[in-house]
There are 2 protein chains.
Amino acid sequence: MAAYANSEHTKKALIETAGSLFAEYGVKAVTTRQIAKESGENIGIIHYHFGGKDGLLDAVLDYASEEWRDGRLERFVEEHAKLLENPLWHVEFLEKFVDYFYDMLLSDGKPLWCGTLIFQILQREGEISDRVYERISRSIIGLISGIYRQMTGDKDTENAYCWTMSLISPAVLMAVDSASVKRFSGTDKIPDSLIHKIKNIATINAAAGLTILKTRKLNND
Amino acid sequence: MAAYANSEHTKKALIETAGSLFAEYGVKAVTTRQIAKESGENIGIIHYHFGGKDGLLDAVLDYASEEWRDGRLERFVEEHAKLLENPLWHVEFLEKFVDYFYDMLLSDGKPLWCGTLIFQILQREGEISDRVYERISRSIIGLISGIYRQMTGDKDTENAYCWTMSLISPAVLMAVDSASVKRFSGTDKIPDSLIHKIKNIATINAAAGLTILKTRKLNND
DNA sequence: GTCTATAATCCGATAGAC
DNA sequence: GTCTATCGGATTATAGAC
């Protein structure tokens, strides 16, 4: 089935070229001609495979977000739910969770543009943005806020949101800001040593944050 | 000078409308007709005042980044440099710095789109992006990394970068991700109680991070 | 300074050959 | 499945009236 294989190759080349260009210049700023030229394909084939530029964007977003929609993060939390039951095991849970979550965001082999493009789409209003938000942002924030509630018993929404942000924001910012990563490291890959350090700090900060939010009652001081 | 006043009013209306639209849909996706229509002005006047769409973008970026280019953050650090000399005063310095920096990012009265647009421009390659990076990102990261070096004596670039990220990333992410703020709070304004909590956590985390990076030698474990 | 009509360019989509 | 020529529409920029 050489024809089929070639067809898949064509689609993949279009998706990866389009995603990289979309993330850097914005979806509207990139022309189908430019995508065709840079991927070595032609304009007509975009409409044949994806029905047009909008269909190609859908395919690109599916590609960029697949590991965030297959439920693997939820499954990871379920598999380690036992560690949430005893406060003595909370730091161990946080270590494991940060390790898994930060790897998903920063070193899962996906191109750097994926996070940047998802972020870009989230900024605009409309149906695509709402879909991406529901399936990714909202489910992650909901999951981590649930972990916070289970660990602390604190029902305060803002406390949960703050704790979630202090846990994930260094990684999310790096995943979303591919330009800074390139400018700092000089490459398209975040150095492993940097990921290792940032995981360490995030784990310790998250553990400290638990205590602070529980004891200081930040909402009342 | 009614004519002059009107002219300034026209320019301001164009800048604010354009900035808001640029941030949400991407610079290329917004047409000069749309800017003219939504601001109540006309297309011709954009070219009269700004020389075209590119000139308008320059003006918008100047407006969005003015407090980051006037040296007030550097001046703030200079004025409190005494607190860096004695480790006993470091937490006090961090409290004051986080308070000042987070207010600059999150509640200085500037519209929410400013951070989002600056971030968008930083993602693309080219002269404008490099200029924004040098004048804003690089100067902030350099300033805070310098504070880290002065406090710890640690010359490691990655350690300084990690510490800087863990200090600023919650605020930067909120400043840059206006869509999340709107979705979480339901308004265009970040709730003061949320800013207060996030400042608190950031200060404590930064103080803890100092100790960790100094003692644990994260680069070697 | 402000506005409108128009010129020159470029885009997404498609028809139809191969 | 792949490619090219072309159509209709939209965009920026501008010329010129007021």
Side-chain angles (χ1 to χ4, degrees), chain A residues 1-63 117 120-121 124-128, chain B residues 1-61 63 117 120-121 124 126-128:
Chain A
M1 285 242 261
Y4 178 75
N6 275 335
S7 168
E8 284 305 306
H9 179 269
T10 302
K11 282 158 79 170
K12 200 184 165 207
L14 285 170
I15 286 174
E16 286 177 351
T17 307
S20 160
L21 291 170
F22 285 164
E24 183 171 342
Y25 300 102
V27 176
K28 185 67 182 294
V30 178
T31 67
T32 50
R33 287 164 212 273
Q34 191 185 358
I35 297 167
K37 194 178 175 187
E38 287 209 22
S39 63
E41 309 294 335
N42 70 86
I43 320 173
I45 211 70
I46 292 175
H47 289 85
Y48 177 79
H49 281 303
F50 303 104
K53 196 183 175 183
D54 286 345
L56 176 55
L57 174 61
D58 277 339
V60 167
L61 285 174
D62 276 348
Y63 169 80
L117 180 61
Q120 180 191 124
I121 297 298
R124 55 190 214 192
E125 277 174 8
E127 190 254 329
I128 309 175
Chain B
M1 286 242 263
Y4 179 77
N6 276 334
S7 168
E8 285 304 305
H9 178 269
T10 302
K11 281 158 81 172
K12 201 183 166 209
L14 286 169
I15 287 174
E16 286 178 351
T17 306
S20 161
L21 292 169
F22 285 165
E24 182 170 343
Y25 300 102
V27 175
K28 185 67 183 288
V30 178
T31 65
T32 48
R33 288 166 210 273
Q34 193 183 357
I35 298 167
K37 195 178 174 187
E38 288 209 20
S39 63
E41 310 293 334
N42 71 86
I43 321 174
I45 211 72
I46 293 176
H47 289 83
Y48 177 79
H49 281 302
F50 303 104
K53 197 182 174 183
D54 285 346
L56 177 54
L57 175 60
D58 277 340
V60 167
L61 286 174
Y63 169 80
L117 180 61
Q120 182 192 120
I121 298 298
R124 54 190 216 192
E127 190 252 330
I128 309 175

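The figures here come from the full heavy-atom set of this structure, side chains too, leaving out hydrogens, waters and symmetry mates. Proteins get letters first, then strands, A, B, ... in listed order; numbering begins at 1 in each.
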*Euclidean distance, B:I35 CD1 relative to B:T17 OG1, rounded to 0.5 Å*: 8.0 Å
*Using atom CG of A:L56 as one end and atom P of C:dG12 as the other, report the distance to the nearest whole Å.*
11 Å
*asked:* As an exercise, state the distance from NZ of B:K12 to OG of B:S39, rounded to the nearest 0.5 Å.
replied: 13.0 Å
*Once you round it to whole Å, what is the distance between P of C:dC3 and NZ of B:K37?*
16 Å
_Check: A:V27 main-chain N/O paired with A:Q120 side-chain donor or acceptor under 3.5 Å_ = yes
*What is the distance, rounded to the nearest whole Å, between atom CD1 of B:I35 and atom P of C:dC3?*
16 Å
_Can you give me the closest heavy-atom contact between A:H47 and A:G52, atom names plus distance?_
CD2-CA, 3.4 Å
*Nearest-angstrom distance from the residue atom CD1 of A:I46 to P of C:dC11*: 13 Å
*Rounded to the Å, how far apart are B:N42 CG and C:dT2 P?*
8 Å
*Whole angstrom value for the distance that separates P of D:dC3 from CD of A:E41*: 6 Å
*All pairs passing salt bridge (charged side-chain N to carboxylate O under 4.0 Å, His left out) where residues 36-50 of chain B contributes a residue, at least two apart*: none
*Base, backbone or nothing for each nucleotide of nucleotides 12-18 of chain D, written B, S, -, heavy atoms under 4.0 angstrom, 5' to 3'?*
BBB----
*Can you see which heavy atom on B:L56 is nearest to which on B:A18, and at what distance?*
CD2-CB, 3.8 Å
*According to a strict under-4.0 Å criterion, is A:T10 in side-chain N/O contact with OP1 or OP2 of D:dG1?*
no
*Using whole Å, report how far CG of A:L14 lies from P of C:dG12.*
14 Å
*asked:* Without decimals, in angstroms, what is the distance between B:H9 NE2 and C:dG1 P?
replied: 15 Å
*Kindly say if B:Y48 contacts the phosphate of C:dG1, meaning a side-chain N or O under 4.0 Å from OP1 or OP2.*
yes
